[in-house]
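Taking it in order: structure first as structure tokens, then the write-up.
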Amino acid sequence: MENSFDPHDIEQPLYTKWEQAGHFAPTGNGVPYCIMIPPPNVTGSLHMGHAFQHTLMDTLIRHARMKGRRTLWQMGTDHAGIATQMLVERKLAAEGIDKHAIGREAFVERVWEWKRESGGQISQQLRRMGSSLDWSRDRFTMDEGFSRAVREVFVRLHEDGLIYRGQRLVNWDPQLQSAISDLEVESEEESGHLWHLRYALVGGARTTGGKDHLVVATTRPETMLGDTAVAVHPDDARYRDLIGQSVQLPLTDRQIPIIADTYVDPAFGTGCLKITPAHDFNDNEIGTRHGLPLVNVFTPDAHLNDNAPAAYRGLDRFAARKRIVADLTSLGLVEKIQDHKLMVPRGDRSGAVIEPYLTDQWYVAMDELAAPAIEAVRNGDIEFVPKQYENLYFAWMRDIRDWCISRQQWWGHRIPAWYDDTGQVYVGRDEAEIRAKHGLSKTVVLTQDPDVLETWFSSALWTFGTLGWPDETPELELYHPTDVLVTGHDIIFFWVARMIMMTLRFVGEVPFRKVYIHGLVKDSEGQKMSKSRGNGLDPLDLIDGIDLPSLIAKRTDDLMQPQMAARITKATQRDFGSGIPSFGTDALRFTYCALASTGRDVRFDMKRIEGYRNFCNKLWNATKFVLMNTESVELGGPRELSLVDRWIESRARRMIVDAERATATFRFDLLASVLYDFVWHEYCDWYLELTKPVLWDEGASVAAQTGTRTQLLRILEIALRAAHPVIPYITEALWHRVAPLTGAAGETIMIQPYPEADDLAADADAEAAVEWLKTIVIGVRNIRGEMNIKPGQAIPLLLQGGTSDDARWLEASRSLLGRLAKIERIDWLDADASAPPAAMQLAGELKLFVPLAGLIDVAAERSRLDKEIARKVTDLERIEQKLGNQSFVAKAPEDVVAKERARAGEARAAVAMLRQQLTDLENI
RNA sequence: AGGCGCGUAGCUCAGUUGGUUAGAGCACCACCUUGACAUGGUGGGGGUCGGAGGUUCGAAUCCUCUCGCGCCUACCA
């Protein structure tokens, strides 16, 4: 074997082998276990967040498969409507092509081309991550079967009266020229102004203060052209008299009424609120209450339309704002302009400022869908991990609003609705069904609704649409409800909630029993990784490595804001001065698991992955050691397990118990640490070292050596299986070398059973003995280290006092001690004998002496003892104080008090012995 | 404005139902190329657990208040 582990030699061939052998598809007759992949968008390549998520899912899947479950990890991708359409539009624009020039059909064909390319890239990346997805069932949210499910759901909801078409204000993206849902609007605080505008009172009316005008304050002066009222609070004494009167709307020939509504806050501004029902959600509600007309002054691309006075028609909304403010200023109608912070709504895809805009759209009525979905979580049918996300879910669900599902886009599921010449709408699975159902003759021309459904409408059907619904398939019967959904908290509303609602409605059962919410992957400074920040990492670059120039090129290529390039280059040089070395998939996966603590975002730290690459190397070299000592040796004869052999087995048992618990509770971080600790700190640091004296002792019995050799193999083989779900490649590679020697050979580790704790013997006695041994070794090493005794220098050890256990354990491990602490000889001192000048360590009641002769600096030993005494005295004082507290003795449980008493005794004895030693030393 | 989360060693994070001296990795210091591994070994230093108050025999852990950071939701024009 090579001296260090090189992931490249093994990863891809192993994956290919697994895939070709069909190991990713469900097999056997075990209890089904199913996870649906959150379908990645076909917008490009996978990022760190995907790789993180896929690692966690694959870990669960591989574990379940090894536990004998009939395991399906469903593969698929999402058409990602707007995102994909924008991406392809941009690509076409780069070729100088406008989508309108080539037309809808050709455009959609171009998107399909892109989808094929992008989908291939995604599956390649997933394969590199080691993801054991069932590729044979790969689905796409716009494939034929899925499209059928989408139409079916739409039609049924429409029949049930839960889908309707309505004209109301929507969030309109003037750049996309499409409606978007509430969730797709992101509001951020931006600096703006508050314009105070004078609206003249009509008919000589006066305010209480004697003014002949009202002053309204607005952040959006351009919408004033659509005002249809001014509202005041009904109890506002300043204006009560004016209710029912009118004002002259400036720049127009319209007069609008002064109305009273309790929505108005008299304390804000002047207490007068301009009402623009066609361009503001709150105003719209007020308008409805008061029967106000809606005056829409915008075109779909947010230019002023013909409802505006001629002077402003055709102006863009921002240009119109400037012109209107200028005109009002010159008319003396601007009272003042204040700086003002306001929340500006922007489209999450386009970044354009969203307009509340009056259009006809399709909606899903949510109340009836939401109620059972709330109940399913409330009663525990679905459980969120971590639990606190349930509150987030409830809060949103209880306040849910109807869902606008139509998009004025080309890429997506066409809405299954048709119109005749008169505008009459028909909804059905296809045109033929509609004609038949409504008895429409061939002469009636039907035109399909040009709009598409928003992406999340189809994603909401993911768990059952992929399994063949609306047909009653065996897969649906077998794998649904799925076991767990693994996803990020950013899409709980977008996706998780809607899946729960749709699945309960159409399948009558929950889509999944658990929802594991993981954190988002951030960079080492806690910043979100994104293309525009230039701080993203490609998981493949961590696996394969990348040089600095390539990384910079990747990060600065094709930026939306090219001026960022210089800054990104600098930051990249700072963080990755010599590029990124190749770490391999297993190290990356282990890192993801180790970082996946509950409810926390993940800061990706290069130091961590480095450490876990080292861990893989450690495992590799441990295996190398074991093979060196077991290959070409006869292992068939009688075998005898030593104390140490039984100890590691007992520890392995604990490790399996802990690993199972961590996996069952989605504590991937604990799983990683359990594996790490066992392999490194128990198996390598102690077990391997403790086997050397046996393996290399010519006097050792063959049975003892055979026992140790077979145990080395057996425990390693178990550790490999235990770790396989996290680090599949290296464990598979090593397993093929190790397993044959244990007689446990098979085609692949991935379908071997997961280790069972009950197959390993617990041995409390062996654990206590080795624990003792470790204490002694560490005690002697401490003297060595602190006294600067050369590692090569063998030292004698004297023992005094101690219990019968001490004596027994010493005899059981005398030769091991010699080897591990480089002790040349061990002798007992009589209880009353005085020790020669020596450095002393306590191990309970046992005194360890390393004689000074020629080795030890007396002054150094004194200060070492001083330090130790100080430590023990502090300890003792604390305990005595506790025991001196009457209420502690009276109220604390007996065993706790007893424990403290024992500790006090121990500490007192230790202090006495250490002080005596110090005195002895001073007398030299 | 409301809700949620976080604050523990220089850094990134664990810390189960309150109960020995609060842990790990990395970083740091010293020593070591010993026959699995220098991607290594051995030893060591480093934290009054954001702050204040409270409950309790006992608090990193439970309660109240408070400061700082992050996220989500809703917004006064």
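In the text below, chain A, chain B and the rest are named by the order of the sequence lines, each starting its count at 1.
When the P atom is compared between U12(B) and A36(B), the two are found 38 Å apart, to the nearest whole Å. Rounded to whole Å, the P atom of A77(B) lies 29 Å from the corresponding atom of G5(B). Across G41(B) and U8(B), the matching P atoms stand 29 Å from one another, rounded to whole Å. Taking the P atoms as reference points, C31(B) lies 47 Å from G68(B), given to the whole Å. Taking the P atoms as reference points, A74(B) lies 36 Å from C11(B), given to the whole Å. Spacing between G7(B) and C13(B) at atom P, rounded to whole Å, works out to 9 Å.
Considering only side-chain atoms of His681(A), the nucleotide from A77(B), A24(B), A14(B) that sits closest is A24(B). Nearest nucleotide to the side chain of Lys891(A), out of C57(B), G40(B), G45(B): C57(B). Ranking G45(B), U21(B), A30(B) by closeness to the Asn788(A) side chain, first place goes to A30(B). Closest to the side chain of Leu392(A), out of A36(B), C72(B), G44(B), is C72(B).
In this structure C4(B) sits in a base pair with G70(B), meeting the Watson-Crick or G-U test at under 3.5 Å. C65(B) and G51(B) make up a base pair, with Watson-Crick or G-U wobble contacts both under 3.5 Å. Under the Watson-Crick or G-U wobble criterion, with both distances below 3.5 Å, A24(B) is paired with U12(B). Figure legend. G58(B) is base-paired to no nucleotide; pairs are counted as Watson-Crick or G-U wobble with both atom distances under 3.5 Å.
Each of Lys274(A), Glu355(A), Arg321(A) was checked for a side-chain hydrogen bond (donor to acceptor under 3.5 Å, both in side chains) with Thr223(A), and the lone residue meeting it is Lys274(A).
An OP1 or OP2 oxygen of U48(B) is reached within less than 4.0 angstrom by no side-chain nitrogen or oxygen of Arg878(A). In terms of phosphate contacts, Lys692(A) brings a side-chain nitrogen or oxygen within less than 4.0 Å of OP1 or OP2 of A36(B).
Nucleotide A74(B) holds its C1' atom 11 Å from the CG atom of Asn282(A), rounded to whole Å.
Between the side chains of Asp261(A) and His233(A), no donor-acceptor pair is found at a separation under 3.5 Å. Side-chain contact, Ser181(A) with Glu184(A): a donor N or O sits under 3.5 Å from an acceptor N or O.
The side-chain tip of Lys692(A) points at the ring of Phe625(A) from less than 6.0 angstrom away and within 45° of straight on.
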Report task. Go through Trp686(A) and Val777(A) one step at a time and tell me if the side-chain contact (heavy atoms from CB on, under 4.5 Å) criterion holds. Result -> CA-CA 11 Å; Trp686(A) 290 99; Val777(A) 169; 3.9 Å; yes
What do the steps show when you test Lys522(A) against Asn535(A) for side-chain contact (heavy atoms from CB on, under 4.5 Å), and what is the final call?
CA-CA 9 Å; Lys522(A) 309 285 188 67; Asn535(A) 61 351; over 6 Å; no
Run the side-chain contact (heavy atoms from CB on, under 4.5 Å) check on Leu671(A) and Leu675(A) step by step: do they pass? CA-CA 6 Å; Leu671(A) 175 62; Leu675(A) 295 169; 4.1 Å; yes
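Taking the ring centroids of Tyr612(A) and Phe590(A), they lie under the 6.0 Å cut-off. Between Phe668(A) and Tyr516(A), a ring centre-to-centre spacing shorter than 6.0 Å is recorded.
The pair Arg198(A)-Glu335(A) counts as a salt bridge, with a side-chain nitrogen and a carboxylate oxygen less than 4.0 angstrom apart.
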Taking N or O atoms only and anything under 3.5 Å, show me the protein contacts with nucleotides 7-9 of chain B, one pair per line.
from  : atom 1 : to        : atom 2 : distance (Å)
G7(B) : OP1    : Arg600(A) : NH2    : 3.1

Set out, line by line, the N/O atom pairs under 3.5 Å between protein and nucleotides 58-62 of chain B.
none

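When heavy atoms are screened at a 4.0 angstrom cut-off, Arg220(A) is found touching no nucleic acid atom at all.
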